[in-house]
Number of protein chains: 2
Amino acid sequence: MIVDRNSPIPLYFQLQTWLQEQIEQGVFKPDDKIPTEEELVEITGLARATIRKAITNLVNMGYLRRKRRLGTFVEHRSESDDSQDIVGIIVPDIRTGYTPELVRGIEDEAANNRLSTILCNTDDLYFKANFHADRLISNSVCGVIFVPTAASDDKNRQIVEQFTQRDIPVILADRTIEDTELDYVTTNNFEGGYQLTKYLIDKGHSKIGITLSTLFSTERERLEGYKQALKDAGIDPDPEFMQLHNGPFSEEHYIKHVNILLGKTDEISAIFAGHDRIAYLIYSAAKDMGISIPEDISVVGYDDLNPNYSNLMPLTTMHQPIYEMGQESLKILMSRIKGGENSTEQKVLKSHLVERDSVCSLQRE
Amino acid sequence: MIVDRNSPIPLYFQLQTWLQEQIEQGVFKPDDKIPTEEELVEITGLARATIRKAITNLVNMGYLRRKRRLGTFVEHRSESDDSQDIVGIIVPDIRTGYTPELVRGIEDEAANNRLSTILCNTDDLYFKANFHADRLISNSVCGVIFVPTAASDDKNRQIVEQFTQRDIPVILADRTIEDTELDYVTTNNFEGGYQLTKYLIDKGHSKIGITLSTLFSTERERLEGYKQALKDAGIDPDPEFMQLHNGPFSEEHYIKHVNILLGKTDEISAIFAGHDRIAYLIYSAAKDMGISIPEDISVVGYDDLNPNYSNLMPLTTMHQPIYEMGQESLKILMSRIKGGENSTEQKVLKSHLVERDSVCSLQRE
DNA sequence: TTGGTTTAATTGTACATACAAATATACTAA
DNA sequence: TTAGTATATTTGTATGTACAATTAAACCAA
């Protein structure tokens with residue numbers, strides 16, 4: 001029995017559903033001819049008008065195609081549900097830091113998976129992230145890779161929730177939010193901070209300045225690694241040596257912190273820059289002040305942004321696998337889009353120290 | 001008379017068209033109630049089933065909305081035709097050169113116009129551009145901003161034609177193609193090349209090396225500007241001093257050209273680098289070779305990629321308004337999308353020379 | 001006032017019937 | 001063989017009728 005006349009479900013809809021099932025289950029295959037309307041009248045006992053209504057709906061939905069004189073045929077159900085294959089990328093600024101590399105990693109992997117990417121810049125501002133979230137939703141993206149802004153975890157969580165409420169999966173990249181439910185990809189920042197600091201200590205440095213932003217999980221972890229390494233070496237972290245910034249990176253602000261640290265060259269022998277852009281600022285300021293690196297002061301950075309021009313600025317730094325981070329983010333996003341996997345995926349990639357020539361050794365070993 | 005029974009056009013379709021016109025012309029305004037089906041039976045003399053068919057179609061098309069007991073109402077015709085508001089950006093590589101700045105300019109202006117942007121990297125390869133063109137078309141973008149690849153003008157024109165055949169407007173950014181029919185935004189590269197060369201000449205240099213790629217319209221024009229400036233100063237351009245490269249930028253290839261030029265420091269006193277990345281390579285190679293800039297050799301670049309770190313590498317260079325170029329590209333694209341304007345728009349932005357400390361003066365004036 | 005019930009208007013579903021339009025196929029004539 | 005013609009099949013359009021479902025609004029009772 002195809003239709004049940006006692007059901008409260010409209011007869012045309014019962015027939016429509018039945019036909020749709022036959023198609024989806026492959027009973028009627030693409031290009032197959034389904035029974036003529038007259039035949040369906042006999043099979044179902046419905047009026048032709050009712051049958052036509054069911055078929056018309058399926059034609060509008062793209063399941064069937066009608067041809068006069070020949071009959072009604074099953075359409076090729078487009079493998080790619082078409083136009084749904086876009087993912088959003090929300091980053092601080094495509095121009096700065098590791099962002100270009102990250103985006104390229106995402107984009108390449110997306111292309112491999114026949115996905116397109118919509119790019120959104122937040123300038124680390126919550127309201128811009130919000131604005132872009134709206135747009136991404138109205139473009140019905142199938143997933144989002146999100147680098148949290150400089151706003152509070154709460155605000156960033158609000159952004160994420162806008163997507164998750166609509167069943168759009170979100171993967172955090174690089175920076176994380178306090179929320180065990182979220183998927184993310186980042187690097188071992190604590191360990192990286194620890195290693196860099198230990199490297200300096202092993203080179204004989206014990207008074208080590210540090211400057212970074214406490215707004216981001218990444219830099220906070222590096223700071224913790226720095227503190228732990230000092231403690232493990234029996235050195236008490238000196239608050240005087242920590243120039244912590246409470247905002248996103250900006251030249252104007254950091255130049256102050258850098259100048260303070262460079263003014264303490266009699267007290268400290270090394271500076272841990274929260275990331276390479278700060279380190280470059282140190283190079284620049286040091287040059288202006290006639291301080292030479294590494295002779296007068298040692299510097300380490302984090303990111304390894306410009307390995308190509310490293311002999312102009314031979315910065316010892318922690319190389320982060322940014323491109324891979326982008327790829328990995330998209331891979332996890334893909335598995336989320338395809339469904340399955342209920343447990344959260346939290347991937348921590350490994351960085352490695354790249355030794356160049358910005359640190360001098362204070363001891364002969 | 002709303003319907004003409006002698007017309008070969010189906011009655012339901014005549015009614016449907018009439019209703020649609022009333023809506024589009026504002027006779028029926030959003031949220032207005034249109035006549036009930038029974039009233040339309042009286043007005044038109046058609047059967048209710050026929051009227052229902054017309055209305056059903058318009059409901060499916062988003063023009064009307066039905067509410068039981070209340071009647072049928074005019075829908076708010078979505079100002080944003082939804083999901084059609086995406087533009088494609090096709091660039092060589094989001095990681096390199098001026099591309100991040102360009103993309104950011106496009107993206108910001110796009111956001112102002114409530115457009116989203118899909119990012120595509122070609123690595124200057126034709127086949128990748130082709131691949132992305134397909135994807136952009138299947139995502140039904142409403143326009144494209146395209147930085148031509150390193151392939152021939154013919155191949156690049158093929159890419160453009162894929163879009164124009166589908167009435168998708170394309171704006172070329174930075175690089176141009178020999179084809180007067182195309183819209184583009186670029187800068188005055190000939191003039192820029194001329195000015196930089198004249199600047200060197202005015203500083204007393206007469207034997208000036210140059211290295212750049214002949215694949216791109218931009219660099220070819222700079223070369224022409226260079227030649228013209230030399231001629232105007234009565235200097236015959238020496239092919240020996242021109243290290244022309246027949247491919248896109250790559251460290252491996254350019255390092256050879258750079259080394260050749262740096263090996264001629266007894267013959268030439270200055271080098272015109274086709275763009276800043278080449279200039280950086282010169283700085284790097286010069287450092288390795290113990291050649292100092294500008295004492296041993298003067299260098300000028302083109303782009304002004306890193307004004308922030310200019311005191312580490314005080315390169316005299318031609319500042320291009322890249323961000324503005326991105327904005328301008330999108331503005332022209334917008335006007336194309338909105339229609340109107342049949343004549344091609346070809347905008348040439350002005351660059352300006354930024355004098356730093358990479359050129360020494362050979363004469364006292 | 002509150003809360004439930006009835007009523008009437010309007011769209012939604014369903015059926016029977018009729019003829020029109022398109023067109024693949026078979027047939028026919030040059 | 002070719003070109004035109006008839007035919008049968010199937011979808012497309014159109015009408016008239018009937019009743020169901022929904023629900024705003026009026027009505028009524030506590």
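The minimum heavy-atom distance linking A:Asp124 with A:Pro148 is given by the pair OD1-O, 3.9 Å.
Ion pairing between B:Arg336 and B:Asp167 fails under the 4.0 Å rule for side-chain N and carboxylate O. At a threshold of 4.0 Å, the pair A:Arg66-A:Glu37 counts as salt-bridged, since one of the basic side-chain nitrogens sits closer than that to a carboxylate oxygen. Salt bridge absent: A:Arg114 and A:Asp85 never bring a charged side-chain N and a carboxylate O closer than 4.0 Å. Under a 4.0 Å N-O distance rule, the pair B:Arg65/B:Asp31 qualifies as a salt bridge. A:Lys128 has no carboxylate O lying under 4.0 Å from a charged side-chain N of A:Asp93, or vice versa, which leaves the two without a salt bridge.
A heavy-atom distance below 4.0 Å to DNA chain C is reached by these residues of residues 30-47 of chain B, ordered by number: B:Lys33, B:Thr36, B:Glu37. Near-neighbour residues of DNA chain D inside residues 52-70 of chain B, defined by a heavy atom below 4.0 Å, number-ordered: B:Lys53, B:Arg68, B:Arg69, B:Leu70.
Heavy-atom distances to DNA chain D give each of A:Thr72 and B:Leu11 a nearest nucleotide, and the one nearer the 5′ end belongs to A:Thr72. Each of B:Arg48 and B:Ile51 lies near DNA chain D, and the nucleotide nearest B:Ile51 is the one positioned closer to the 5' end.
Here the straight-line distance linking atom CD of B:Glu107 with atom CG of A:Leu119 works out to 5.5 Å at 0.5 Å rounding. Of the inter-residue distances, the one linking B:Phe127 atom CZ with B:Ile159 atom CD1 reads 11.5 Å to the nearest 0.5 angstrom.
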Output a table of nitrogen or oxygen pairs between the protein and nucleotides 3-6 of chain C separated by less than 3.5 Å.
none

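Residue pairs that meet the salt bridge (Lys or Arg N to Asp or Glu O under 4.0 Å) test with at least one member in residues 151-163 of chain A, sequence neighbours left out, are A:Asp154-A:Arg157, A:Arg157-A:Asp179.
Of the N and O atoms on the side chains of B:Asn130 and B:Gln162, at least one donor lies less than 3.5 Å from an acceptor on the other residue.
Of the side-chain N and O atoms in A:Thr50, none sit less than 4.0 angstrom from OP1 or OP2 of C:dA14.
For B:Phe13, the CZ atom counts as loosely surrounded, since its 6.0 Å shell holds 12 or fewer non-hydrogen atoms of other residues, nucleotides or ligands.
Side-chain atoms of A:Asp183 do not come within 3.5 Å of backbone N or O of A:Ile171 as any donor-acceptor pair.
Nucleic acid contact class of A:Tyr12 (heavy atoms, under 4.0 Å, all strands): sugar-phosphate only.
Put simply, chain B comes within 4.0 Å of DNA chain D, heavy atom to any atom, from D:dT13 to D:dA24, going 5' to 3'.
In terms of the side-chain contact (heavy atoms from CB on, under 4.5 Å) criterion, B:Arg68 has no residue partners (sequence neighbours excluded).
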